[in-house]
Amino acid sequence: MQEIRVVPAASFGTSCLASVLEAVAGIERPVIGLPTGNTPVGLFDALRAAAEDGDADVRTWRPFAIDEYGGPREHPCSNRAFFARYWDNVPGAAPVEQFDPEAADSAVDCRRMAEALGRAGGLDVALLGIGMNGHLAFNEPGSERDSLTRRVELHEASRVSGSQCWGDEVPAWGLTLGLTELLGARTVVVLANGAAKAPIVAAAIDGPETSQCPASLVRTARRAIWVLDEAAASLLQPR
Ligand code: PGA
């Protein structure tokens, strides 16, 4: 089941936050998958402000990174660096469980992440952006619904998007939670804003269910909420 929430661009961050707080409500120690990128910046800003004002309490949240670039661990464009900037300064935030792209064996590191997530009971909430090619975390087109946490080769579209920060050094591979772990969450919250995302959002919501567009598999989740600004929702069929 998927619910679509279309909100004004000006309140995108606070609207995303409202959906996240709704998804974690009543869960004692919510396990939450955290995204990176341009899309969730407004959400993290709104969360920090709410936590500072006492309107949100993240102290019990158990955060997991949903993916990481296959680059230097401390690189300023790594997802680890993103969390240092946008999550670690939220009052009460626990350290994010992260992939280690410098692990000697990526398969071992992916198993460590999957086991940590399993011990936590799996995701309660998967917070996701959507890539220009329909990827979810680094589950690129062709990723099957039963894919697991693993190392992947990044598609060209993801490398182009990543090169905004990484420039020519954009990694060729990444580490990602699988669609099994992400779409098995109690609630999946997908965020998208801006007109550039409108075609892929329309394909994911109104197009066929296919592994060629991993975001189209969101509809297989127990509960899914899309939070879209008006521009990102502009090519959806009337409903
Ligand atoms: P973006 O990335 O928010 O920077 O557009 C989204 C994604 O690739 O998942």
Side-chain angles (χ1 to χ4, degrees), residues 7 9 12-13 15-17 19-20 32-47 63-71 75-83 85-87 96 98-99 101 123 125-143 147 149 152-167 170-179 181-183 185 188-205 211-218 221 224-229 231-235:
V7 303
F12 183 66
S15 298
C16 292
L17 177 58
S19 290
V20 173
I32 180 159
L34 296 179
T36 59
N38 296 318
T39 311
V41 166
L43 161 67
F44 286 117
D45 285 345
L47 179 60
F64 281 75
I66 59 170
D67 58 9
E68 181 56 285
Y69 284 99
H75 194 285
C77 300
S78 67
N79 290 349
R80 186 176 294 254
F82 179 95
F83 293 126
R85 274 198 300 283
Y86 293 107
W87 171 260
V96 179
Q98 317 243 16
F99 288 101
L123 291 174
V125 180
L127 261 178
L128 302 170
I130 172 173
M132 293 295 287
N133 61 0
H135 74 198
L136 296 176
F138 277 144
N139 291 281
E140 301 281 31
S143 299
S147 60
T149 297
V152 292
E153 298 307 307
L154 300 187
H155 280 206
E156 193 51 30
S158 301
R159 299 192 72 214
V160 167
S161 164
S163 66
Q164 285 173 33
C165 183
W166 289 86
V170 64
W173 58 277
L175 302 168
T176 187
L177 297 184
L179 293 176
E181 289 90 354
L182 294 172
L183 300 182
V188 175
V189 182
V190 192
L191 320 174
N193 60 356
K197 290 280 172 74
I200 194 63
V201 165
I205 294 176
S211 62
Q212 290 311 312
C213 177
S216 72
L217 304 177
V218 163
I225 300 169
W226 289 81
V227 185
L228 307 171
D229 76 353
S234 59
L235 296 178

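Both ligands and their constituent atoms are indexed starting at 1 by order of listing. Position 1 is the first residue of the sequence; numbering continues from there.
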Novice: Please list the nearest protein heavy atom to atom 4 (O) of ligand 1 with its residue and the distance rounded to 0.1 Å.
Specialist: Asn38 N, 3.0 Å
Novice: Indicate the ring-plane relationship of Phe44 and Phe82, choosing parallel, tilted or perpendicular according to the 30° and 60° boundaries.
Specialist: perpendicular
Novice: How about Thr176 and His135: do any of their side-chain heavy atoms sit closer than 4.5 Å?
Specialist: no
Novice: Heavy atoms only: give me the nearest Leu17-Ala46 pair and the separation to one decimal.
Specialist: CD2-O, 3.6 Å
Novice: Does Lys197 have a heavy atom less than 4.0 Å from any atom of ligand 1?
Specialist: yes
Novice: Below 4.0 angstrom from a heavy atom of His135, which ligand 1 atoms are there? Numbered from 1 as shown, please.
Specialist: 7 (C), 8 (O), 9 (O)
Novice: Quick one: does ligand 1 sit under 4.0 Å from the side chain of Ile130, the backbone, both or neither, non-hydrogen atoms only?
Specialist: backbone
Novice: With a cut-off of 4.0 Å, which atoms of ligand 1 are near a heavy atom of Thr39?
Specialist: 1 (P), 3 (O), 5 (O)
Novice: Return the CD1 to CZ distance between Ile32 and Phe64, rounded to the nearest 0.5 Å.
Specialist: 11.5 Å
Novice: Does some non-hydrogen atom of Met132 fall short of 4.0 Å from ligand 1?
Specialist: no
Novice: Do you know which two heavy atoms are closest between Asn133 and His155, and how far apart they sit?
Specialist: ND2-CB, 3.8 Å
